[in-house]
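First up is the structure itself, then whatever we jot down about it.
In this text, all values refer to a predicted model and were calculated from it rather than measured experimentally.
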Amino acid sequence: MHILIVNQQEVSALLPMDECMDVMAQALAALARSEAVLPLRSIMWLPQKVGALGMMPAYLKDANVLGLKVISVFPGNHGTEFDAHQGAVMLFEAKNGRPLAIIDATEITAIRTAATSGVATKLLARDDAGNLAILGSGTQASKHLEAMLLARPIRRVRVWSRNPENAARFAERESRRRGVTVEAMPAAEQAVRGAELICTTTASPEPVLRGEWIARGTHINAVGSSVPFARELDTAAIVNSRLFVDRRESTIHEAGDFLFPKKEGAIGDEHIQGEIGELLIGRVSGRRSSEEVTLFKSLGLAIEDLASAHHIYVKATEKGMGTRVELGGSRHAGG
């Protein structure tokens with residue numbers, strides 16, 4: 001029996017951002033319709049929490065596939081040659097449990113995270129939102145700029161990083177790559193004042209975005225923190241926003257941006273207005289006025305990785321891409 005191996009460069013070619021946004025919308029809508037199985041992720045932490053190994057299984061009914069993402073998370077890799085997220089997605093068919101593919105998870109994670117924010121932005125941001133602020137200057141900052149350019153008519157981009165040199169390099173590189181002027185700002189407040197779209201993509205354990213800086217009518221995508229003990233937004237930013245999530249169960253167990261204000265007594269579980277999938281199928285309503293602040297808190301879901309992997313597998317098979325290797329699984333005669 002053969003299995004398809006798809007490397008990082010091939011993932012990038014097979015999963016363009018616009019296609020991934022469509023795939024994410026379909027997957028999140030399926031989740032809202034209960035057409036998926038999605039256990040909470042399991043995380044094994046190393047001593048002193050210097051790194052972790054995350055295991056994320058899922059099943060998608062429509063495609064009849066199941067899978068598992070296994071990924072290491074090492075925040076200390078920021079600024080090095082290594083990505084903070086490294087691993088693989090294993091894809092199986094759900095009839096006989098046959099393994100179909102092993103696909104690079106670093107690139108899938110990078111693309112699908114920003115693509116999901118792109119879907120949320122299409123659903124929640126004002127139609128004329130074009131002033132974008134990005135906090136952070138790493139992989140997710142770059143991918144989110146790409147997704148925001150697809151989601152809204154961006155006319156101004158400002159970026160801030162805790163390392164000013166990184167912000168300057170990001171601004172120069174992305175200005176050339178994206179065909180839009182990106183301005184590096186010396187302070188987070190200067191980056192976000194007057195912005196209509198804000199994406200927080202940092203590895204900061206403490207708030208980098210404060211509610212007092214956020215203008216009326218802004219939409220925020222908060223993606224940097226995916227653990228209970230870290231947050232990018234302060235309590236005021238959460239309290240003053242209508243909060244939408246990728247999944248309620250994950251949020252109330254894993255999202256520090258939500259859990260810190262909850263522990264302080266500032267909000268309860270009812271502060272969650274709905275899931276993105278529920279918006280997509282019309283179960284909940286999104287933006288109600290041009291003045292309110294909307295917030296999408298992203299944790300990243302295994303169903304997003306699985307849907308991406310299936311899309312990649314189908315395209316790779318059609319195009320003859322990837323590398324096929326022999327792997328056990330067939331029942332041998334007399335075994």
Side-chain angles (χ1 to χ4, degrees), residues 1-27 30 36-38 41-42 44 51-74 77 80-116 118 138-140 142-143 146-147 177 300-333 335:
M1 180 167 57
H2 288 86
I3 190 168
L4 184 69
I5 308 296
V6 183
N7 67 30
Q8 186 171 7
Q9 290 71 31
E10 290 166 330
V11 169
S12 182
L14 292 165
L15 191 65
M17 186 64 70
D18 57 346
E19 289 183 19
C20 191
M21 286 170 65
D22 291 337
V23 171
M24 293 303 95
Q26 293 166 18
V37 178
L38 187 64
R41 76 185 93 199
S42 174
M44 181 189 74
L53 187 69
M55 292 149 280
M56 303 167 60
Y59 162 73
L60 191 57
K61 177 181 177 182
D62 184 54
N64 200 33
V65 292
L66 65 157
L68 172 71
K69 180 167 82 170
V70 181
I71 194 162
S72 64
V73 182
F74 280 70
N77 285 349
T80 75
E81 62 181 302
F82 301 107
D83 199 282
H85 297 78
Q86 302 173 75
V89 179
M90 288 197 67
L91 179 70
F92 300 78
E93 52 89 2
K95 180 181 179 181
N96 301 112
R98 182 168 52 93
L100 300 176
I102 298 174
I103 303 174
D104 174 77
T106 299
E107 197 68 12
I108 284 182
T109 302
I111 298 168
R112 63 81 160 151
T113 303
T116 304
T139 299
Q140 277 306 322
S142 176
K143 294 297 185 184
E146 182 181 359
R177 180 186 295 178
L301 304 177
I303 199 70
E304 299 164 4
D305 301 304
L306 180 61
S308 297
H310 180 253
H311 182 79
I312 290 165
Y313 174 77
V314 170
K315 285 186 66 177
T317 301
E318 291 173 350
K319 294 176 177 292
M321 295 176 65
T323 303
R324 292 193 174 272
V325 300
E326 182 69 26
L327 193 70
S330 298
R331 185 164 182 242
H332 295 290

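- Nearest heavy-atom pair across Pro99 and Leu327 is CG-CD2, 4.3 Å.
- With contacts defined as side-chain heavy-atom distances shorter than 4.5 Å, the pair Leu91/Leu306 qualifies.
- For Glu19, the side chain to side chain contact (heavy atoms under 4.5 Å, CB included) partners two or more places apart in sequence, or in a different chain, are Pro16, His311, Lys315.
- Across all non-hydrogen atoms, the minimal contact from Ser142 to Arg177 is OG-NH1, 3.2 Å.
- Between the CG atom of Asp104 and the CD1 atom of Ile71 there is a distance of 8.5 Å, given to the nearest 0.5 Å.
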Checklist entry - Given Thr109 and Asp305, is the side-chain contact (heavy atoms from CB on, under 4.5 Å) satisfied, shown in steps? => result CA-CA 7 Å; Thr109 302; Asp305 301 304; 4.2 Å; yes
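- The closest side-chain heavy-atom distance from Tyr59 to Ile303 is not below 4.5 Å.
- Residues Pro57 and Ala302 approach most closely at O-CB, 3.4 Å, considering heavy atoms.
- Separating the CG atom in Asp18 from the CD atom in Glu146 is a distance of 8.5 Å, to the nearest 0.5 Å.
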Next on the checklist: Working note: Ile3 + Val325, criterion side-chain contact (heavy atoms from CB on, under 4.5 Å); need CA distance, chi angles, decisive distance, verdict.
Outcome noted: CA-CA 6 Å; Ile3 190 168; Val325 300; 3.4 Å; yes
Compile the donor-acceptor pairs under 3.5 Å between side chains in residues 8-15 and protein atoms, sequence neighbours left out, one pair per line.
{"from": "Gln8", "atom 1": "NE2", "to": "Glu107", "atom 2": "OE1", "distance (Å)": "3.3"}
{"from": "Glu10", "atom 1": "OE1", "to": "Asn7", "atom 2": "N", "distance (Å)": "2.9"}
{"from": "Glu10", "atom 1": "OE2", "to": "Gly322", "atom 2": "N", "distance (Å)": "3.3"}

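- Taking every heavy atom of both residues into account, Leu4 and Ala316 meet most closely at CD2-CB, 3.8 Å.
- Among residues two or more places apart in sequence or in another chain, the side chain to side chain donor-acceptor pair (under 3.5 Å) test is passed with Arg98 by none.
- With hydrogens and angles ignored, the 3.5 Å screen pairs no side-chain donor or acceptor of Arg112 with any backbone N or O of Ala307.
- Between Ala115 and Met24, the shortest heavy-atom contact is CB-CG, 4.0 Å.
- Side-chain contact check for His310 versus Leu60: every heavy-atom pair is 4.5 Å or farther apart.
- Summarising the geometry of Ala101 relative to Tyr313, their closest heavy-atom pair is CB-CD1, 3.8 Å, with the distance given to 0.1 Å.
- Contact of the Lys69 side chain with the Ile103 side chain is not registered, since no non-hydrogen atoms from C-beta on lie closer than 4.5 Å.
- The OG1 atom of Thr106 sits 11.0 Å away from the CD1 atom of Ile111 when rounded to the nearest 0.5 Å.
- Distance check, rounded to the nearest 0.5 Å: CD1 of Ile312 to CD1 of Ile108 gives 4.0 Å.
- The environment of CG in Asp62 is sparse: at most 12 heavy-atom neighbours from other residues, nucleotides or ligands sit within 6.0 Å.
- Residues Met321 and Val6 form no side-chain contact, since every pair of their non-hydrogen atoms from C-beta on lies 4.5 Å or further apart.
- Interatomic distance, NE2 of His85 versus OG1 of Thr113, reported as 7.5 Å (0.5 Å rounding).
- Taken from OG in Ser42 to CE in Met55, the straight-line distance is 4.0 Å, to the nearest 0.5 Å.
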